[in-house]
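Shown next, in structure tokens, is the structure this report addresses.
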2 protein chains.
Amino acid sequence: MATNHAPLHKVFGALSDPTRLAVVEQLVQGPASVSHLSQPFGMARPTFLKHLQVLENAGIVTSEKAGRVRTVTLSPNALDWVDTWVRQHRKRWERRLNDLGTILEKEINR
Amino acid sequence: MATNHAPLHKVFGALSDPTRLAVVEQLVQGPASVSHLSQPFGMARPTFLKHLQVLENAGIVTSEKAGRVRTVTLSPNALDWVDTWVRQHRKRWERRLNDLGTILEKEINR
DNA sequence: GCATTAGGTAGTCAAATGGCTACCAATCAT
DNA sequence: ATGATTGGTAGCCATTTGACTACCTAATGC
């Protein structure tokens with residue numbers, strides 16, 4: 001664990017584009033070649049390649065080339081970070097809301 | 001539940017900037033005025049306001065103005081979406097990795 | 001009632017983003 | 001050996017983004 005993370009905002013940035021989000025969707029079903037991944041998007045290769053670079057750059061994806069085929073894989077702990085952050089903040093915020101609720105109740109029943 | 005969500009990529013987009021991320025960090029500790037929020041960032045007002053708009057636009061934050069003060073609040077279920085998405089994908093991917101692991105073991109012990 | 005404070009508009013600008021075409025390079029199949 | 005396939009570069013372009021200054025408006029405090 002504790003792999004070198006891209007800063008969180010960069011990870012979010014990588015996920016902030018529909019194409020890239022869809023690529024991740026696809027990749028949870030297993031690794032795939034660049035051309036296979038790019039198929040569903042009617043998009044010039046270079047454009048698609050840039051999207052992949054963004055994902056890789058954010059640590060969400062890794063890739064390896066064998067022969068002329070590059071295979072792209074979801075990084076094992078790619079989403080852990082995001083998960084951790086989100087859950088922490090959700091939790092803190094919900095707790096706060098609860099506390100407020102309690103306070104209000106007391107106030108009302110006073 | 002099932003509030004009108006901004007599309008997920010938009011939510012991610014809103015979280016893809018350090019300033020905005022920091023604002024969310026701050027807001028889990030409770031609602032705050034615009035000026036109070038903006039304090040830590042040495043940033044012109046209009047710039048900061050735009051960041052807030054992005055957050056609001058993505059449904060992460062709401063705000064109300066009373067008198068001359070606008071109070072910004074984290075939306076109750078702001079992060080639920082993100083959480084759901086992330087966990088789902090993490091889970092699917094991890095399961096897949098496990099399955100692969102099992103397959104490899106079998107292969108090795110064959 | 002006048003100055004201060006909190007928020008907000010309008011308009012400008014540089015850099016980043018997301019897209020394209022044109023072309024190149026390596027590998028695989030025949 | 002050569003043609004098709006896969007990936008990749010270089011360079012261009014429009015739009016969006018994140019920042020700024022200058023200015024305006026409406027509440028508040030005294």
Side-chain angles (χ1 to χ4, degrees), chain A residues 6-27 29-75 82, chain B residues 6-27 29-75 82:
Chain A
L8 203 49
H9 71 90
K10 220 176 176 181
V11 177
F12 282 128
L15 298 173
S16 74
D17 176 275
T19 301
R20 292 193 293 262
L21 217 42
V23 168
V24 174
E25 297 274 353
Q26 176 62 41
L27 282 178
Q29 323 226 115
S33 74
V34 170
S35 49
H36 178 251
L37 280 174
S38 78
Q39 258 182 44
F41 313 95
M43 186 178 286
R45 282 304 149 72
T47 307
F48 189 75
L49 284 181
K50 259 200 243 169
H51 283 302
L52 286 184
Q53 278 166 28
V54 172
L55 284 171
E56 191 152 10
N57 206 263
I60 296 176
V61 133
T62 58
S63 74
E64 259 186 78
K65 192 163 178 177
R68 59 184 165 172
V69 171
R70 174 172 299 275
T71 299
V72 182
T73 307
L74 208 53
S75 308
V82 182
Chain B
L8 202 51
H9 71 90
K10 218 175 177 183
V11 177
F12 283 128
L15 297 173
S16 75
D17 175 277
T19 300
R20 293 194 292 263
L21 217 42
V23 168
V24 174
E25 297 274 352
Q26 176 62 40
L27 282 177
Q29 322 226 115
S33 74
V34 170
S35 49
H36 178 251
L37 280 174
S38 78
Q39 259 182 43
F41 315 95
M43 186 179 286
R45 284 301 149 76
T47 307
F48 189 76
L49 284 182
K50 258 201 243 169
H51 282 303
L52 286 183
Q53 279 166 28
V54 172
L55 284 171
E56 192 153 9
N57 206 263
I60 296 176
V61 134
T62 58
S63 72
E64 259 187 80
K65 192 164 178 176
R68 58 184 168 175
V69 171
R70 175 172 297 277
T71 300
V72 182
T73 309
L74 208 53
S75 309
V82 181

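Quick caveat: nothing in here was measured; it's all calculated off a predicted structure. Naming convention: chains lettered A, B, ... in sequence-line order (proteins, then strands); numbering from 1 in each chain.
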Open item on the list: Nearest whole Å is fine: how far is C:dG8 C1' from B:Glu64 CD?
Closed with: 18 Å
- [ ] Could you tell me from which nucleotide to which nucleotide of DNA chain D, 5' to 3', there is an atom under 4.0 Å from chain B heavy atoms?
- [x] D:dG18 to D:dT28
Task: For B:Leu15 against A:Phe12, the heavy-atom pair lying closest together - done: O-CD1, 3.4 Å
Task: Residue among A:Val23, A:Leu55, A:Leu52 satisfying side-chain contact (heavy atoms from CB on, under 4.5 Å) with A:Val72 - done: A:Leu52
Open item on the list: Taking side-chain contact (heavy atoms from CB on, under 4.5 Å) as the definition, give me every residue that meets it alongside A:Thr73, ordered by chain and number, with sequence neighbours left out.
Closed with: A:Pro31, A:Thr62, A:Thr71, B:Trp93
List every contact pair, protein side and nucleotides 28-30 of chain C side both N or O, where the distance is under 3.5 Å.
{"residue": "C:dC28", "atom": "O4'", "partner": "A:Arg68", "partner atom": "NH2", "Å": "3.4"}

TODO: Just jot down the side-chain hydrogen bond (donor to acceptor under 3.5 Å, both in side chains) partners of B:Lys10, sequence neighbours excluded, or say none.
DONE: B:Asn57
TODO: Can you sort out the partners of A:Ser63 under side-chain hydrogen bond (donor to acceptor under 3.5 Å, both in side chains), two or more places apart, ordered by chain and number?
DONE: A:Glu56, A:Arg70
TODO: Please list, chain by chain and in numerical order, all residues satisfying side-chain contact (heavy atoms from CB on, under 4.5 Å) with A:Gln53, sequence neighbours excluded.
DONE: A:Lys50
Open item on the list: Return the CD to CG distance between A:Glu25 and A:Leu74, rounded to the nearest 0.5 Å.
Closed with: 10.5 Å
TODO: Please report how far the helix from C:dG1-D:dC30 to C:dT30-D:dA1 bends, comparing the axis fitted to its first five pairs with the axis fitted to its last five, to the nearest 10 degrees.
DONE: 30°
Open item on the list: Tell me whether the side-chain N/O atoms of B:Ser35 come closer than 4.0 Å to OP1 or OP2 in C:dT5.
Closed with: no
- [ ] Check side-chain contact (heavy atoms from CB on, under 4.5 Å) between B:Ala58 and all other residues, then give those that pass, not counting sequence neighbours.
- [x] B:Ala14, B:Ile60
- [ ] Give, ordered by number, those residues of residues 38-58 of chain B having at least one heavy-atom distance below 4.0 Å to an atom of DNA chain C; if nothing qualifies, reply none.
- [x] B:Pro46, B:Leu49
Open item on the list: Among residues 7-26 of chain A, which ones have heavy-atom contacts with DNA chain D below 4.0 Å?
Closed with: none
Task: A:Ser16 side chain vs B:His9 backbone, donor-acceptor pair below 3.5 Å - done: no
Would you tabulate the side-chain donor-acceptor contacts of residues 35-46 of chain A under 3.5 Å, counting partners in other chains and residues two or more places apart, or write 'none'?
{"residue": "A:Ser35", "atom": "OG", "partner": "A:Ser33", "partner atom": "OG", "Å": "3.4"}
{"residue": "A:Ser38", "atom": "OG", "partner": "A:Ser35", "partner atom": "O", "Å": "3.0"}

Task: Partner residues of B:His51 under the side-chain hydrogen bond (donor to acceptor under 3.5 Å, both in side chains) criterion, sequence neighbours left out - done: B:Arg20
